[in-house]
Amino acid sequence: MLTIDDCIALSDLTEAEIDAIAEHEHLPEILAVELGCCLAHDAEGIRRIARIIREDIDRARRHGQAVHARQLTMVLDGFVHQHPAL
């Protein structure tokens, strides 16, 4: 039986990246893993994940959630580091 951690590991994304997708798309974590896995293996999908995280950062800032915005900024920095073509 696969656990959620197994699924996240197979997605080639971090848990924080999955959480950002779940937050943006209003999905349960396991569905965000599935979506993220599909997106992570396509150049346009990589750009979409980066856009999702940026939009989450913007929304957090608009709602005065400075700590969450900083956390998401670190997630985006790590994601861009892993995908330098962005």
Side-chain angles (χ1 to χ4, degrees):
M1 181 170 95
L2 290 175
T3 67
I4 187 71
D5 292 333
D6 295 332
C7 294
I8 291 170
L10 293 170
S11 74
D12 293 329
L13 295 171
T14 67
E15 184 172 0
E17 292 161 349
I18 294 296
D19 289 345
I21 292 168
E23 177 181 326
H24 189 273
E25 300 298 320
H26 307 283
L27 293 174
E29 188 175 36
I30 191 64
L31 293 180
V33 171
E34 185 175 345
L35 176 59
C37 185
C38 292
L39 294 173
H41 296 101
D42 175 77
E44 179 55 34
I46 296 293
R47 287 188 289 275
R48 183 171 169 197
I49 292 170
R51 188 172 54 244
I52 284 170
I53 299 169
R54 286 186 186 103
E55 289 174 1
D56 285 347
I57 292 167
D58 290 343
R59 186 175 52 249
R61 287 181 179 149
R62 283 194 313 272
H63 289 91
Q65 300 170 328
V67 173
H68 189 47
R70 281 194 299 275
Q71 292 167 336
L72 288 166
T73 299
M74 290 189 297
V75 173
L76 181 60
D77 289 347
F79 187 76
V80 170
H81 181 75
Q82 292 296 317
H83 302 90
L86 285 172

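The structure presented is a predicted model; accordingly, all values stated were derived computationally and were not measured.
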Roughly how far, to the nearest 0.5 Å, is the CD1 atom of I18 from the CD1 atom of I49? 7.5 Å
Flag side-chain contact, heavy atom, 4.5 Å: D12 against Q82: no
Closest contact, heavy atoms only, I4 versus I30: CD1-CD1, 3.5 Å
Which residue pairs pass the ring pair (Phe, Tyr, Trp, His ring centres under 6.0 Å) test when at least one of the two sits in residues 1-54, sequence neighbours left out? none
Begin with the C-alpha distance, continue with both residues' side-chain angles, and end with the deciding distance and a verdict on side-chain contact (heavy atoms from CB on, under 4.5 Å) for R61 and L72. CA-CA 10 Å; R61 287 181 179 149; L72 288 166; over 6 Å; no
Under a side-chain separation threshold of 4.5 Å, the hydrophobic residues clustered together with V67 are none
Quick one: list whatever passes side chain to side chain contact (heavy atoms under 4.5 Å, CB included) with D6, sequence neighbours left out. L2, T3
First locate atom CG of L76, then atom CD1 of I57, and finally report the distance between them rounded to the nearest 0.5 Å. 4.5 Å
What one should report as the nearest heavy-atom pair of A50 and L86 is CB-CD1, 3.9 Å
Keeping to residues at least two apart or across chains, list the salt bridge (Lys or Arg N to Asp or Glu O under 4.0 Å) pairs with something in residues 28-45. E44-R47
Compare every heavy atom of L13 with every heavy atom of C37, then report the nearest pair and how far apart it is. N-CD1, 4.3 Å
If a pair satisfies ring pair (Phe, Tyr, Trp, His ring centres under 6.0 Å) and one of its residues is in residues 55-86, list it, with sequence neighbours excluded. F79-H83
Could you tell me which residues satisfy salt bridge (charged side-chain N to carboxylate O under 4.0 Å, His left out) with R51, sequence neighbours excluded, listed by chain and number? none
When clusters are formed by joining ILVMFWY residues with side-chain heavy atoms under 4.5 Å apart, either directly or through shared neighbours, do I52 and L31 land in the same one? yes
To the nearest 0.5 Å, atom CD1 of I53 lies from atom CD1 of I21 at 7.0 Å
Under the salt bridge (Lys or Arg N to Asp or Glu O under 4.0 Å) definition, can you give me all pairs with a residue in residues 13-23, not counting sequence neighbours? E23-R59
